[in-house]
Each structure stands twice: as structure tokens, then as C-alpha cells.
Enquirer: 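Just passing along the structure, written as C-alpha cells.
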Amino acid sequence: MFDKKRFMVTAALPYANGPIHIGHLAGAYLAADIFVRFLRMMGKDVVFVCGSDEHGAAITIKAKKEGLTPREIIDKYHVMFENTFKSIGISFDIFHRTSSELHHQTAKDFFMNLYNKGQFEERESEQYYDEEAHQFLADRYITGTCPKCGFENAYGDQCEKCGSTLNPTDLINPRSTLSGSTPVLRKTSHWYLPLDKYQVWLKEWINTGKLDGAELHDPATWKPHVLGQCNSWLDGGLEPRAMTRDLDWGVDVPSEIPGSDGKKLYVWLDAPIGYISATKQWAADHNRDWEPYWKDNDTALIHFLGKDNIVFHCLIFPGILHAHGEYILPVNVPANQFMNLEGNKISTSRNWAVWVHEYLEEMPGKEDELRYNLIKNMPEQKDSEFTWKGYQEVVNTELVNNLANFFNRVVVLTNKYYGGEIPDFDMEESFFSSSDPDMDTYFDSDIIHLYDMLSELHGHVMSFDFRASLKLVMEISTFGNQLLQLNEPWKIQKSEPERVAVVMNFALQITAVLAVVTRPFLPFASARMHEVLGMDFSEENGELVDIMGKLAEGEAILPAGHKIGEPIHLFTRITDEQVEIQIAKLENSKSASTEVALADTFVPLKPEISYDDFARMDIRTGKIIKAEKMEKADKLLVLTVDLGFEERTIVSGIAKHFSPDDIIGKQVTVLANLAPRKLRGVESKGMILMAENAEGRLMFINPDEDFPAGMTIQ
RNA sequence: GGCGCGGUAGCUCAGCUGGUUAGAGCGUAGGAUUCAUAAUCCUAAGGUCGGGAGUUCAAGCCUCCCCCGCGCUACCA
């Protein structure tokens, strides 16, 4: 991969309906940023693109809720994204947006191309239509009762209470959120991408890297969980996917296509094309040609994203690119897993998150401290965890005690002994080094040890192993601390100044190496080091190649006589108070949002019924006399209930809440005249009445004293 | 239930295609040192590698069964 002429690097487009949190950074943006900065410093031709994903029903709904236009919503978040990413040091070459004219045109062209090639299947389906608002309804515009948990405000695509994935037609009592009316099913037609037809080549391409005889990537370099998830989908069989929707906020289906009225491109053909339009805009801004970056086989296309996006970028987008025919496919999709926060999943809706823009305000000047922690704990192979206590410990022990302290003591000693000038020394002079503790070493041979470390660092970055590469950076600092400790210049400066001169010169070369290699990880501290050392800190452009070349030759990076500046503290300690404030803030937001959630989830009253309606229900007391788990079902218990006059079988979905042994002998309340229904082959006659709280916890409803079975309830 | 990814020292994690006494950082204990933000350096203690069986001369790494965590998915009238 590294032998490719140029690199096209993308980071997942953030959706413009909420701010960026640490999970986003750890999942995609930091990994991409390190990789790209490193490539630039290796002198590679690389373009790094991203942008706001600004279409779809969720944005129009949010706009409506807040009394704003969709345009106002996306403008707000686009600006916010730009500021956040810039402030935390994500070095996009361009941060574009899908609402731009250029993107609309690019996406339409792409659609037109596939259409003309006959790649689409046009299919009719029935979708809900709002007769008052005169439009088809996006899944998110339809609410109704969840068929699975009974929650009355489930969306057409998902129930936010039980988390099930739904189709709008699954909803009981569907309502349009536009007009409140009951939507009707109406025929509509859409263009589908026949992924089922791509299945064979996709499977081959993913697992062997081969496509049409060409070797495109090495699957051994792909992460196991990425391959695993792809194969899980492939083995389940791919199905055609609609590439268009009846939406009102998005990219129009090209008007020259019959039946395009009111149709918009669906996210599959919108967001990822955003990478391409971003590249076009970048090219136009810099008077460059965008096409080689997407169409030349000598380009390595790499997508950085979180695991929620794997299937999208490994199967659907490659399917689209290949259907078009002119585009290259990604050589790797190094998806990360998720980062948890203080023991819980990060959740936007429950406000359980560290928002990056808030962090930047509350912890000013501590960009690198956050970057360091997120990289150190990057969820590369499995979910990981961010804690404020861990943040404090890592900053104080690793950044302050190890790195900043090393830098500081070298600069202090240089100023003290040599008035801030890098000392000249005798190449024949020996000293101690931890690279070979048993014998004395010399400048030109030991400096190659630094080269070896950088070369190892390079290997880690190229295999997307950012945790390991960060660790290696810190080992360089430790190597420096060891050098000082083994030679103790403060003890021998009077007696052996020649030896101190080599040691200090070498120590200064290590600080120079650190100034350069920290840049992809800790760009802000890197800038401070450059300044103190009097090194040029301009563009990232081949400087790693430079210093590696020198080190390999046993040469110094900073020449003798070079003047450096005054000592500074690169990092300062995180206090207990700072940590406590952050933890308290999290806890507060949690309890606050729980209260809101509780208030929100009081299920609205159902329409009034008559006494007769009630009287038709036969509700009885009963007692569970037998309970066992249903085979091959996670949530079902098969209960035998004594109703006094008979025993009957009732299947109940409570296995997650109660174990069979615990509920035998339990008094229950049974809706006894409910029509029987078969569940997984077992006939269930009746239903156990349960109370449920906002968190989904279940409780039996029963007489509060021992009471005979079979008695009526009225 | 199915599929995928994980389960390694108190904590966070490394362990390449199976190969000698299983590693790192933090924490803990002892020692050295004072240039440095009470920082640094050295040493030590500490692990039935989720559990069980198997393949092999040899398994943390391979096979089978089971348990636990996470994700997707199915059943939950």
C-alpha cells in the first residue's frame, strides 16, 4: 500500500444534526488525521477530505421541532463542525458539505451514469402517503405503536424505546407527523441497486483482494472485525437496495429521468459521493486535477470510520463505484469500534458524552491532552473506555512526567551549561546508553538506534496501529530520560565536560526527533517544541524523510552552535478539581436527561372506551405452576397457569426479566379470553398482565394477598 | 437462537504464520539520583492466558463443547 503514488483518505461525514463528541474523534477522525499527517511528513501525495452530511428526514424533523429551516440547522452544525475539527487539530485538506451545488451536481451525474448503464432496477412498492400534506412520508415522519414493545411513539424505522428496527408498515395505528392524519399506502416507484448481483464479486474482492484478475488489496491487512462483519452480511445474502426515496430535503433525482418528480437520492448515493465532490472542490481551489485521486490504480483509497459504517463502505459504496466502472475501490477500511464513557455507552439522546466543543472551552489549551488519551485508548480492535480519572493519570504520568519533563530538563541544562547553544563535541568521546547498557557507546552508532525506532514507528502507522505508534513515541522520550540518568551530566560537568558535551548534544537530537514525530499525534505540543528548539514548523512536507536520512547516516539533526530558546512546560498537571468538575457535569446531565426522559415517556392516554368495551375483557386471577424457557428464543417463557377451573399454556415475552424458577408459584393476573395465538409453534392462550416503567422494567400485577385462582377482576 | 468481534498480571492493554522460564504502561514495594512540573532511573513482587476436552514432540495462539461482554439479527400477540 505504501508503494502507491498517491493517497486518497476520507473520514466519515458527520451528520449535521448534533455536535461532535469524543467517540467520533476516537472512532474515525483522529486515526485518519495521524495517518494523513504521517504520510505528508513522509513526503507522500495525499488528500484528506471530509464534510457535513446535510440531507435526510432527521434534519427536517429537527428543524421543525426547533422552529428553524433545514438550511439554518445545517448551517449551524456545518460551522460548528468546522470550528471543532480545526480547534482539535484535524488537518482536513477540505471540509466540504453535501448541500453545495457542486455536490448536488456530482451526485446527480453519478446517478445518471448508473441509470444510463442500466444498473438500476425500477421497482414499485407501497409507501405511506399523507393525503393532507400531499406527499409520501419518510420513515421518520411516521409514528405509531411499536408492535414489539407497545411504545406508542415509535418511528417508522426504529422504536427508540426497545431499539427494534422497524418498517413503517409494522407500526400499529400509524400517524403522519406532518398533519397528524392517518397515512394511506400508495404505490410509488424507486430505483434499486441490485446488490444481490454484486454478491459474488464483492465476496471475492473482500476476501482475496482480487477483482477481475487484478490484485487490489491484501485482506490480511484488514481488521478482523471488518472482514467479519462483511462476511456476516455476504453470507446472509445481499438484497437490492433502494437508491432513491420520497423525501423533500436532499439531492433531486435528475429531472430528465421519467418519474423523477419528488424523488431524492437516498443516503447511499448521497453521502459517500460527498467524498468525491469534496475532492473536486479541493482540486478547483488548488488548481489541481481531482480525477487521479479517484480513478488511477496508483492511488490508495482509504476510508476511516466507526464500525456502524462498515457495511456501507465495504459493500454498498464499492458496489456503486464498481457499477460506475471508472472508479477505484478502497485498499483498506480501517474501521474502529466504539468508545464508551465512564462505564456507559456514549449517547447523544441521553446526553452521555464529552462534547468536543465544550471540552475545548472548559479545558483551553489542552487539545493534545485529549488527543493523547483518545489515541492511547483508541478502540482499534474492540470497544474501549474513556474515564476522566484515566485522563488525569495519563496526562500527569506520561505527558507531564515523562515527555514534558524530559524536554524541560534538556533545555534547562543546555541553557545552564552552554548559554542555550548546542554544544560541539568529540566523536571519539564515549557515553552510556540504554540501547546497550553493558558497554560504552558513541554518538554516530547510537543515533542509529533512533533511526530504528522511527522505522518501527512508520511500520505501526502504516498498519493502522496507532496505539502502538503512540507508545513508541513515548519510548523515545523514555530513551532520552535514560540517557540523562545513566550519564548524570549534573555530576560530571565539572570533571568531564567533554563527555557531558556528547551526552547533551545527543539529548538535544532526541528532543528534535520528538518535536518532529509528535506532530501527527500532538500537533500543538509539537509546535511548541519546534519553537523552543528554533526549528522550522511550516507545512508537513517530507520532514520525516529528512531526519530519518540524517539519522541513518549517523548525523545530527540540530547542528552544533544552533541557538535554542528558554525552557517551557509543554504540559501541566490535571488537578483533582478539574476531574471532579467534569465527572459532576456528566452525572448532572445524566440525571437531568433521565428526568426529561421519564416525563417524556408517560404514554398518552388511549381514546375513551365504553363500559361495555371493558366488560368484554375477562380478567382472572391465576397462579404460575410451571415455567420454562422456550428453546431457541431469547425472550420467551412458556408458562403453565392455574386458573382454578383449568390450567393453560401462556407464552410470555419476559425471559429477559425473570428466570423460570423464580416465578413458579407466583400469583398473576391473566387476560383470559384473548384469542389464542401461536408463538414459535406453541399456542398461547391468554396474556399475563404486567406493569412497565420508563426504563422497561417489568412487574407482575397481582392481588396483594394470597387469593384463589380463577376469580374475576372487574 | 443464528452470525461477527472480544474475554491475557489489581487497572488499561501487547502477544506475528503454534516453538525455550507469557510481555508493556499505570499502580504497589525496595533502592539510586537531584538538572527537571515531589519529576527521572534501576530492581522486585504479581498471571490456572474465561472454563473443559482434543489435535500435536510442542497451544494464549489450531479443533470441539460450555460460560461471559459488545454489535447485528430472529422470537417477545
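A, B, ... follow the sequence lines: proteins, then strands. Residue 1 opens every chain.
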Enquirer: Under 6.0 Å between the ring centres of A:His449 and A:Phe479?
Expert: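 A:His449 vs A:Phe479: aromatic centres under 6.0 Å.
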Enquirer: Taking the same atom, C1', in B:rC64 and in B:rU56, what whole-Å distance lies between them?
Expert: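 Here B:rC64 and B:rU56 have their C1' atoms 16 Å from each other.
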Enquirer: Could you state the atom-to-atom distance from NZ of A:Lys471 to P of B:rC13 in whole Å?
Expert: 13 Å
Enquirer: Under a 3.5 Å cut-off for both distances, is B:rC75 Watson-Crick or wobble paired, and to whom?
Expert: none
Enquirer: Reckon A:Thr397 touches a base, only the sugar-phosphate, or nothing at all at heavy-atom distances under 4.0 Å?
Expert: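 Touches sugar-phosphate only.
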Enquirer: Across all strands shown, which nucleotide pairs with B:rU28 by Watson-Crick or G-U wobble geometry, both distances under 3.5 Å?
Expert: B:rA44
Enquirer: Identify whether any heavy atom of A:Asn405 sits under 4.0 Å from a base atom; if not, whether one sits that close to sugar-phosphate; answer base, sugar-phosphate or nothing.
Expert: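 Answer is base: heavy atoms of A:Asn405 come under 4.0 Å of a base.
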Enquirer: When all nucleic acid strands are considered with a 4.0 Å heavy-atom cut-off, which category describes A:Glu488: base, sugar-phosphate, or nothing?
Expert: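 Here A:Glu488 touches the backbone only, sparing every base.
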Enquirer: What contact category does A:Lys416 fall into here, base, sugar-phosphate, or nothing, at under 4.0 angstrom with non-hydrogen atoms?
Expert: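 The residue A:Lys416 makes sugar-phosphate contact but no base contact.
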Enquirer: How about A:Phe317 and A:Phe312: are their ring centroids closer than 6.0 Å?
Expert: no
Enquirer: In the structure shown, which nucleotide is the Watson-Crick or G-U wobble counterpart of B:rA14, with both distances under 3.5 Å?
Expert: none
Enquirer: By the 4.0 Å heavy-atom rule, please label A:Gly228 as base, sugar-phosphate, or nothing.
Expert: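 Sugar-phosphate: the residue A:Gly228, judged by heavy atoms under 4.0 Å, touches backbone atoms but no base.
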Enquirer: What integer number of Å spans the P atoms of B:rA22 and B:rC49?
Expert: 11 Å
Enquirer: Does B:rC57 have a Watson-Crick or wobble partner in any strand here, with both distances under 3.5 angstrom, and which is it?
Expert: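 Base partner found: B:rG19.
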Enquirer: Taking the six-membered ring of A:Phe571, is the NZ or CZ of A:Arg528 close enough (under 6.0 Å from the centre) and on axis enough (within 45°)?
Expert: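 Verdict for A:Phe571: a cation-pi partner in A:Arg528.
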Enquirer: Base, sugar-phosphate, or nothing for A:Arg677, non-hydrogen atoms under 4.0 angstrom?
Expert: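 A:Arg677: backbone/sugar contact only, no base atoms under 4.0 Å.
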Enquirer: Are A:Tyr372 and A:Phe521 close enough that their ring centers fall under 6.0 Å?
Expert: no
Enquirer: Just to be sure I understand the rule, does A:Asn396 reach a base, reach only the sugar-phosphate, or reach nothing, if contact means heavy atoms closer than 4.0 Å?
Expert: nothing
Enquirer: If I pick the C1' atom on B:rU73 and the same atom on B:rC61, what distance separates them, to the nearest angstrom?
Expert: 30 Å
Enquirer: By the 4.0 Å heavy-atom rule, please label A:Lys491 as base, sugar-phosphate, or nothing.
Expert: sugar-phosphate
Enquirer: At 4.0 Å (heavy atoms only), tell me whether A:Glu385 reaches a base, stays on the sugar-phosphate, or touches nothing.
Expert: nothing
Enquirer: Tell me what A:Ile568 touches on the nucleic acid: a base, only sugar-phosphate, or nothing, going by heavy atoms under 4.0 Å.
Expert: nothing
Enquirer: For A:Val410 and A:Leu484, which heavy atoms make the closest approach, and how far apart are they?
Expert: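 In terms of heavy atoms, the two residues are closest at CG2-CD1, 4.1 Å.
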Enquirer: By the 4.0 Å heavy-atom rule, please label A:Val412 as base, sugar-phosphate, or nothing.
Expert: sugar-phosphate
